[in-house]
Amino acid sequence: MLTVIIGGGPAGLLAAQRLAEAGHRVRLFEAQATVGRKFLVAGHGGFNLSNAEELPGFASRYGAEENRFQALLRHFSPDDLRAWAADLGIETFVGTSGRIFPVAAHKPADLLRAWLQRLRELGVEINTRHRWLGFVGATGLRLRDENPGPDAGREFVVEPAATVLALGGASWAKTGSDGAWVPLLQEIGVAVVPFAPANCGAEVAWSAFFQQKVGRAPLKNIALRVNDGAAVRGEIMLTEYGVEGTPVYALTPQLRAALARGGPAVLHLSLKPDLPAPALTARLQLPRGKASFPDFLKKNLHLGPPVPTLLREARPDLPTQNPEELAALLTAMPLPVTGLRPLDEAISTAGGVAFSAVDEHLMLRQRPGTFVAGEMLDWEAPTGGYLLQGCFSTGAWVARAIGLPGAGTAGKE
Ligand SMILES: Cc1cc2nc3c(=O)[nH]c(=O)nc-3n(C[C@H](O)[C@H](O)[C@H](O)COP(=O)(O)OP(=O)(O)OC[C@H]3O[C@@H](n4cnc5c(N)ncnc54)[C@H](O)[C@@H]3O)c2cc1C
């Protein structure tokens with residue numbers, strides 16, 4: 001039975017592997033010159049494959065889709081992901097934050113190389129520079145060969161028994177995830193939730209003075225919350241446009257919601273999250289002698305540059321002689337967010353194929369035999385390995401569904 005996979009990201013490649021292992025004939029079509037481009041990009045900033053968080057908590061990271069992900073993660077869990085990597089010769093470890101990484105000796109490209117070798121051994125046919133152009137009839141797929149040479153631009157139709165669409169989200173378009181598939185699905189009546197940036201930086205209208213003086217600067221061991229929501233700990237980076245970093249990314253759903261309601265979307269920054277307010281006030285009450293305010297902050301609270309400049313940016317009439325007011329500012333410095341960074345810069349995409357458009361097997365209701373996996377579905381999750389795990393789990397899920405009796409046998413070959 002022929003199954004066609006469109007899209008050579010982690011979701012499509014894992015579906016291909018699982019299907020080939022189950023004895024399917026698999027042809028994969030990828031628009032770019034190579035597969036796994038975003039997978040390799042993910043490797044640039046610390047290749048975070050999954051997370052060791054236990055299942056109920058892990059699934060809650062997928063927000064509104066928590067229940068669905070309970071089942072998906074049980075089917076292909078973080079442990080399954082580690083076993084899969086080990087089977088390709090890539091050992092992994094759990095970092096102090098719970099994140100799962102390949103051991104240092106293994107680069108992301110090593111994992112991808114070993115994976116592609118395995119796919120070749122399993123007989124998966126990978127066709128790069130082949131773009132899917134849309135559906136034809138009840139089961140056909142229209143494709144264009146974009147390789148240079150005599151066949152350049154040739155269009156053809158394949159009629160698989162089952163199709164997996166794993167076309168990715170709509171950020172980092174240069175990796176191939178450009179969201180250009182949306183009209184192709186809408187044409188056949190599939191509901192697609194508009195894309196929005198997820199896991200991205202937040203814009204703050206810094207003064208020209210602040211931008212020039214601070215530029216980019218890290219703030220370590222801070223806590224951040226949106227309005228009166230729950231705090232997220234970690235490290236952020238002050239940038240020319242605003243703030244970025246894991247806690248900011250984790251708060252993008254709340255920021256997006258607050259901005260959509262017309263604001264206010266205010267990040268509250270705690271620079272001393274481990275120091276209760278009375279202890280903080282007591283430290284600020286210590287005699288200063290001849291020390292300047294920045295020197296005093298540094299000596300008593302270990303808050304060096306850029307904190308004094310940041311305090312004045314947040315409160316130009318900084319009450320340097322009022323310990324209570326200073327403590328309040330250090331505990332919940334308001335940073336009004338004016339917007340989120342553009343979609344193309346985001347680590348991931350919210351929106352995509354609506355879950356109402358697929359059944360429990362992630363098969364399109366409008367088109368039996370066509371399944372959807374990975375980031376192109378309407379889910380979002382924070383960084384920390386939850387994104388790739390979600391792509392792998394959905395890829396494994398659709399591969400299993402195609403093997404089930406009665407599912408995915410709509411085509412002719
Ligand atoms: C900077 C950055 C860092 C990241 N770091 C991490 C991390 O550390 N941990 C983590 O869990 N996640 C991380 N991610 C997210 C992770 O890389 C993505 O969630 C994941 O790659 C999505 O997988 P996917 O298979 O759904 O889609 P993609 O990887 O986007 O693959 C989709 C593929 O479909 C192809 N395609 C699209 N349209 C067509 C068409 N019409 N015809 C043929 N092919 C087509 C594309 O070219 C692409 O290759 C990071 C992302 C970025 C941008």
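Indexing begins at 1, ligand by ligand and atom by atom, following the structure's order. Numbers here are sequence positions counted from 1.
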Side chains of Y62 and E380, donor plus acceptor under 3.5 Å: no
Geometric class of the F392/F76 ring pair [parallel <30°, tilted 30-60°, perpendicular >60°]: parallel
I236 vs L224 side-chain heavy atoms within contact, under 4.5 Å: yes
Ligand 1 contact by C391, heavy-atom criterion under 4.0 angstrom: yes
contact_flag S171 ligand 1 heavy-atom lt 4.0 Å: no
D87 bridged to R82 by N-O distance under 4.0 Å: no
Q117 side, atom CD; L122 side, atom CG - distance, nearest 0.5 Å: 10.0 Å
Pairwise distance CZ(R225) to OG(S270) - rounded to 0.5 angstrom: 8.5 Å
Ligand 1 contact by H130, heavy-atom criterion under 4.0 angstrom: yes
Expected output: side-chain N300 to main-chain L297 donor-acceptor under 3.5 Å: no
Atoms in ligand 1 flagged as close to G374, the criterion being non-hydrogen separation under 4.0 Å: 26 (O)
Proximal ligand 1 atoms for Q32, defined as those under 4.0 Å from one of its heavy atoms: 47 (O)
Heavy atom of R37, distance to ligand 1 below 4.0 Å: no
Element-labelled atoms of ligand 1 that are located less than 4.0 Å from some non-hydrogen atom of I6: 42 (N), 43 (C)
Within the 6.0 Å centroid threshold, strictly below: F69 and Y386: no
For L387, the ligand 1 atoms whose distance to one of its heavy atoms is below 4.0 Å: 10 (C), 11 (O), 12 (N), 15 (C), 19 (O)
Ionic contact status for E244 with R216, cut-off 4.0 Å: yes
Contact atoms of ligand 1, heavy-atom distance to R131 under 4.0 Å: 41 (N), 42 (N)
Polar atom proximity, P10 to ligand 1 (N or O, under 3.5 Å): yes
G7: numbered ligand 1 atoms lying under 4.0 Å from its heavy atoms: 33 (C), 34 (O), 35 (C)
Check: W132 ring centre within less than 6.0 Å of F156 ring centre: no
Atoms in ligand 1 flagged as close to G176, the criterion being non-hydrogen separation under 4.0 Å: 37 (C), 46 (C), 47 (O)
Polar proximity ligand 1 side, A11 side, N/O cut 3.5 Å exclusive: yes
Under 3.5 Å: N/O of L388 near N/O of ligand 1: yes
Residue A166 vicinity, atoms of ligand 1 by number, heavy atom under 4.0 Å: 32 (C), 33 (C), 34 (O)
N48 N/O to ligand 1 N/O under 3.5 Å: yes
Whether W172 lies under 4.0 Å from ligand 1, heavy atom: yes
Any N or O of S177 closer than 3.5 Å to N or O of ligand 1: yes
Distance-only N or O hit between ligand 1 and W132, under 3.5 Å: yes
